[in-house]
Amino acid sequence: MEKQFDPKSFEPRWREHWRGLFAAEAPSERSSFVIMIPPPNVTGKLHIGHALQTALQDLLTRWKRMQGYNALWLPGTDHAGIATQLMVERQLESEGTSREELGRERFLERMWAWTAQYGDNIRQQLERLGASCDWSRERFTLDEGLSRAVREAFVRLHEEGLIYRGEYMVNWSPVLDTAISDLEVETRTVQGKLYYVAYPVEDPDRAGAEPERVVVATTRPETMLGDTAVAFAPGDPHYAHLEGRHAVLPLVGRRIPFVADPAVEAEFGTGLVKVTPSHDPADFEIARRHGLPAIQVIDRRGRMTEAAGEELAGLDRFEARQKVVDRLREGGHLVKVEDYVHNVGFSDRSGEPVEPLVSTQWFCDVSGMAERALEAVRSGALTLVPPTYEKTWEHWLANVKPWCVSRQLWWGHRIPAWYAPDGRVVVARSEEAAAEKAGTRELRQDPDVLDTWFSSGLWPFSTLGWPEETEDLRTFYPTDVLVTAHDILFFWVARMVMMGYHLTDRSPFHTCHLTGLVRDAEGQKMSKTKGNAVDPLELVEEYGADAVRFTLTILDSPGRDIPLDPERMAGYRAFGNKIWNATRFALTRLEGSDARVLPELGPEGLAAPERWILSRLSRSAEEVSERFAALRFDEACNRLYHFFWGELCDWYIELAKPPLLGRQSADERPRVGEVLLSVLDRSLRLLHPVMPFLTEELWHRLPGREAIHPQTIALAPYPERRPDWEDADVEARMGALIDAVTRVRSLAAELGVRRGQDLSVHLWAEPDGDPGLAAFLEEQKTVLEWLCPTGDGGAVELSPAPAGASRDLVAGVNLGLVALAREPGAEERERLVGELGKLEAEIGRTRERLANRQFLDKAPPEIVEGNRRRLAELEERRERLAAGRGAR
RNA sequence: GGGAGGUUAGCUCAGCGGUUAGAGCACCUGCCUUACACGCAGGGGGUCGUGGGUUCGAAUCCCCCACCUCCCACCA
């Protein structure tokens, strides 16, 4: 075996080995455990956030699979309407053409070709990370099966009146040339201007005289061309006299009425609002209340319309703004301009300011469904992890508005609605059904497609064959855990839950684990434009998939974003190396012996170090599973790391060296090889869900592991707690031994004893303590000699130290060190003084506490008792330390 | 304008009522000790954001304030 492990040398082999191994069975006798992948964009590339989610989903799936569940992790991809169409459109643009020029049919051919070209990318990337998906069940949102589910859902919701078509104000993206939902609008605070414009008031009684002028404030002067009223707050004394009168719109000359409307705040600006029903959601509502006409002056591409007048027609809305301002100024209508910080909605996909437009769209009324989604979380049918998201959930769902589900795109699920020549609209599952309903074949299908999230919302069951009652649906639905980033809680999670309840009467999963966003080492959001985005595959290339997975997993602490530091990843690659070398040690040392992994073993007849590591292993196994179950992956990984490195490597392997190197007889230490191999076997299995490649590689090298599973560690049982292995007495005594050895080493270092220099180490049990400890130390003499730095001329003596030794008392073990040839150092004295100072302080605090009546009366007895014992030990230590010091 | 979260070692973060606050990395001192220098042994480093309160006892619970982050929101 190599001294350093090289992930690249074995990862491809195991990917190959695993192929086809993770197909779930349906039907099955076993309980199932199901995770649906949040489908990545089919033509996209996995980013580091995907890598995090992949690591966690795979961890859960592998863990449950090893526990014997019929585990299904269903993979797939999303057609991602806007994003994908945009990519292809850009490509067309570079070819000097456009989708309009190509026409819908040829454009879609192009889209499919593009999709086919990238279709395998996601799969390959997931495999690189070690994802144990069931590839036989892979799905794509535009698959026939899923498309059928989409039509079914749409038709049902339409029949129930929950999907309807109507003319409303929507958020329009001029760049994308489509309506977008409220969620796709990102509000940004921008520095803008507030323009004060004077509108003359028409006054027939004072014809010819200088007219009264009122001033309105606006951030968007270009929209004034579409004004159809001026509004003031009802009861505003400043403007009550305008009731029933008209203003004359500057530049246009149109007579527009004054109206009183509660949406207007008398306190803001001038207390007057220009009303542009076509280009402002609030104005749209005002117009509706007062029956005002709407004049559209900006078109769907963000250009001024004919209605804006000859001079401006065709001009971009922002150029038009400047022009309008110029004209107003020239006409003396511009009273003043102020700097103004306000919020503007931007299209989050294309980045330009959204243009509110009135248009005919399909909407989904989700208010009723939201009720059940709220109830699901309140009742515990659905658990959000971490629970801090419950409030966000409440707030959003309690205030949901109708969801605009139609998009003026070509790439996606075409809306299953057809128009008859006479204008009737028919919604049906197919064109045939529509023709039957309409009584004519002369139908034109709605050109629009559905919001991508509509199909994503059906993902947990559409992937299993819904609306058919398939075997898969029966076996795997509802699913168990959803793992996704918190930024799509509403986009996706909420909609899945709403759709799930509405269409299948159950929550599509019982637990939703929301991860943080992966950021760079400085905590900056990763983005392509900033250039700090990390490609997970490059990380895999450099550190190995296991290190990438381990790092992301241990950093996943609830409710936190994840700062990804390459240094840290190097640290966990080192952990992989540690695992590699621990195994290498065992295999090298045991080469030629007949020691094998034992499927079953017990502590009977074993020496203390062996019983200790088994006891620690049992406890670690329990904690790890418990932490996995609680979705505390960070804590689980910490346990794994600490057990393997801190207990198994730092102590047990060292403890195993005397017998393995022939310094201790097999009588004193029976079956050390078997224990070591068996502990390694269990440890690798414990680690497997997080570090699948390395553990598989090493596990196959362990002699005897075939008895556990002939084929793969991935199907070997996950180690469980073994109460018969746990031994509190052994843990206490071995703990004392470890503490004593550690203190011996640090005292030796303080004494300036160098490696190889002779040192006499005295160890003896404190008389009042554990009565078995002395015998135990006697038993472990060989081990102690191995662990203590005595040099060739020194020794470990299990008897009280002579006067003049440096002394201490640790965990019931007295220790005294005599450096056989040393110069007393000033540093050592300093350190002792410091140590004594700390001890004094703590003794003082503890005494005070114990002298406090209130503490004695109110604190639980075991705490008080603990403090008493602590004080006794502290005082004992002080004495020992002082004695050693006094001797010098 | 609402809401949520954060503020703990140089950095990134755990800990969230009980004795001596932890980890990884970084740092310092020794070591190439036959598993591993992606290593071993030892070590330094924190008045747990400020100010109050509850409690025998507070990083931990409550209140105030400060600063940071995110989400939601039609004051033109």
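For a distance-only test at 3.5 Å, the side chain of K3(A) fails to qualify as a donor-acceptor partner of the base of C36(B).
R220(A) comes within contact range of no nucleotide atom at all, as no heavy-atom separation falls under 4.0 Å. Counting non-hydrogen atoms under 4.0 angstrom, W645(A) reaches the backbone sugars and phosphates but no base. Nucleic acid contact for P356(A): none, since no nucleic acid atom lies under 4.0 Å from a heavy atom of the residue. Among the heavy atoms of the strands lying under 4.0 Å from R745(A) are primed sugar atoms or P, OP1, OP2 only; no base atom is included. Residue E567(A) is classed as a sugar-phosphate contact, given heavy-atom separations below 4.0 Å to backbone atoms only.
Side-chain atoms of D280(A) come within 3.5 Å of backbone atoms of D283(A) as a donor-acceptor pair (strictly under, hydrogens ignored). Judged by distance alone, with hydrogens and angles left aside, the side-chain atoms of N343(A) form no donor-acceptor pair with the main-chain N or O of T187(A) at under 3.5 Å.
Nucleotide A37(B) is matched to nothing when pairs are restricted to Watson-Crick or G-U wobble geometry with both distances under 3.5 angstrom. Of all nucleotides present, only G10(B) satisfies the Watson-Crick or G-U wobble test against C25(B), with each distance under 3.5 Å. Partner assigned to A73(B) is none, using Watson-Crick or G-U wobble distances below 3.5 angstrom. Across every strand in view, U60(B) sits unpaired, with no contact that passes the Watson-Crick or G-U test at under 3.5 angstrom. As the counterpart of C48(B), no nucleotide is assigned, since no Watson-Crick or G-U wobble pattern has both distances under 3.5 Å.
Atom P of G51(B) sits at a distance of 50 Å from the matching atom of C32(B), rounded to the whole Å.
For the pair R188(A) and F346(A), the cation sits on the ring face: its NZ or CZ lies under 6.0 Å from the ring centre, inside 45° of the axis.
Screening residues 555-576 of chain A for ring-ring contact (aromatic ring centres under 6.0 Å, His included), with sequence neighbours left out, gives F550(A)-Y572(A), F550(A)-F575(A), Y572(A)-Y641(A), F575(A)-Y641(A).
Taking syn as a glycosidic angle within 90° of 0, A59(B) qualifies as syn.
Nearest-nucleotide assignment on RNA chain B puts the 5′-proximal partner with F5(A), out of F5(A) and A263(A).
Nucleotide A41(B) holds its C1' atom 13 Å from the CZ atom of R754(A), rounded to whole Å. One can place CG of L661(A) at 8 Å from C1' of U34(B), the figure rounded to the nearest angstrom. Atom CD in E591(A) sits roughly 13 Å away from atom C1' in A35(B) (whole-Å rounding).
Residues R701(A) and E697(A) are paired through a salt bridge, judged by an N-O separation under 4.0 Å between the basic side chain and the carboxylate.
You'll find that the side chain of L183(A) is closest to C72(B), out of A41(B), C72(B), G18(B).
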